[in-house]
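The chain is numbered in sequence order, starting from 1.
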Amino acid sequence: GPQIIQSAKKKYPHVPFVVGDAWKMSDLIQMKDEMLRDQPATTVATAAKKYKRYGYDVVYVDVGGLSGSEGLLEALSLLGSITNSLSPRCIVIKSLCIRRLASSLVPFSQLWKERRKKEKEKKQQQ
């Protein structure tokens with residue numbers, strides 16, 4: 001919340017922190033423009049060269065109150081909107097529905113290995 005942001009601003013005064021409503025993309029884009037305007041030109045130019053872009057470096061999203069299948073779709077939609085409009089290097093999301101999805105996913109490499117193992121066993125039995 002606001003206390004965490006204030007603490008971060010005190011601890012890292014050279015890093016700009018902004019808080020906004022992720023569902024209001026136009027507000028976030030405006031905040032991005034204001035943030036760039038408020039930074040010294042050399043800072044913006046240095047960051048642009050280093051990251052080959054202007055704007056947010058990391059976006060933290062706390063998706064509260066969304067759970068279930070509709071919540072998952074809304075959270076994924078929100079992530080897509082943030083990615084397309086703000087182009088952050090990284091998005092960190094706190095979301096129960098995304099966590100549930102992530103915990104149910106299986107890496108493709110694991111599935112591939114299991115399938116190959118079954119195929120080998122089947123060949124050996126023949």
Side-chain angles (χ1 to χ4, degrees):
Q3 295 166 338
I4 293 171
I5 298 301
Q6 290 304 322
S7 174
K9 285 181 177 183
K10 287 179 185 176
K11 192 171 183 179
Y12 304 100
H14 61 286
V15 177
F17 291 89
V18 292
V19 178
D21 184 344
W23 295 106
K24 297 179 181 177
M25 283 300 135
S26 62
D27 290 354
L28 295 180
I29 293 169
Q30 183 178 355
M31 287 169 40
K32 174 181 170 181
D33 293 342
E34 289 171 3
M35 179 188 68
L36 290 172
R37 217 178 11 252
D38 293 343
Q39 296 298 308
T42 55
T43 303
V44 173
T46 302
K49 282 182 185 176
K50 184 175 181 181
Y51 299 112
K52 296 179 178 61
R53 62 177 181 74
Y54 291 101
Y56 296 105
D57 191 29
V58 180
V59 175
Y60 294 90
V61 181
D62 184 354
V63 181
L66 296 178
S67 60
S69 60
E70 292 84 20
L72 177 60
L73 295 176
E74 288 182 15
L76 291 172
S77 174
L78 179 62
L79 290 177
S81 296
I82 290 170
T83 300
N84 292 327
S85 59
L86 303 179
S87 302
R89 182 178 57 87
C90 176
I91 299 174
V92 178
I93 183 167
K94 178 186 157 203
S95 165
L96 180 59
C97 53
I98 296 289
R99 181 177 179 198
R100 286 179 183 153
L101 172 66
S103 66
S104 68
L105 298 176
V106 178
F108 178 75
S109 60
Q110 181 181 341
L111 295 174
W112 179 257
K113 287 177 187 177
E114 289 172 4
R115 182 175 178 184
R116 300 277 296 175
K117 183 179 176 182
K118 287 179 183 178
E119 287 175 358
K120 285 181 183 181
E121 289 172 356
K122 191 174 183 180
K123 281 184 181 181
Q124 288 175 351
Q125 290 175 354
Q126 293 175 347

Gap separating the [atom1] atom of [X] from the [atom2] atom of [Y], nearest 0.5 angstrom:
{"X": "Leu76", "Y": "Ile98", "atom1": "CG", "atom2": "CD1", "result": "4.0 Å"}
{"X": "Leu79", "Y": "Ser95", "atom1": "CG", "atom2": "OG", "result": "8.0 Å"}
{"X": "Ile82", "Y": "Ser85", "atom1": "CD1", "atom2": "OG", "result": "7.0 Å"}
{"X": "Ile5", "Y": "Ser7", "atom1": "CD1", "atom2": "OG", "result": "9.5 Å"}
{"X": "Thr83", "Y": "Ile91", "atom1": "OG1", "atom2": "CD1", "result": "3.5 Å"}

>> Count I, L, V, M, F, W, Y as connected when their side-chain heavy atoms are under 4.5 Å apart, and connections chain through other members. Are Val106 and Leu72 then in the same cluster?
In response: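 As far as the 4.5 Å side-chain criterion goes, Leu72 and Val106 are not connected within one cluster.
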> By salt bridge (charged side-chain N to carboxylate O under 4.0 Å, His left out), which residues pair with Lys24, not counting sequence neighbours?
Replying inline: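 Scan of Lys24 (salt bridge (charged side-chain N to carboxylate O under 4.0 Å, His left out), adjacent residues dropped) gives none.
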Could you tabulate the donor-acceptor pairs under 3.5 Å formed by side-chain atoms of residues 109-122, not counting sequence neighbours?
| residue | atom | partner | partner atom | Å |
| --- | --- | --- | --- | --- |
| Gln110 | NE2 | Glu114 | OE2 | 3.3 |
| Arg115 | NE | Glu119 | OE2 | 3.4 |

>> Could you report the tightest heavy-atom contact between Pro88 and Val59, atom names first, then the distance?
In response: CB-CG2, 3.6 Å
> Please, which pairs that meet salt bridge (Lys or Arg N to Asp or Glu O under 4.0 Å) have at least one residue in residues 4-19, sequence neighbours excluded?
Replying inline: none
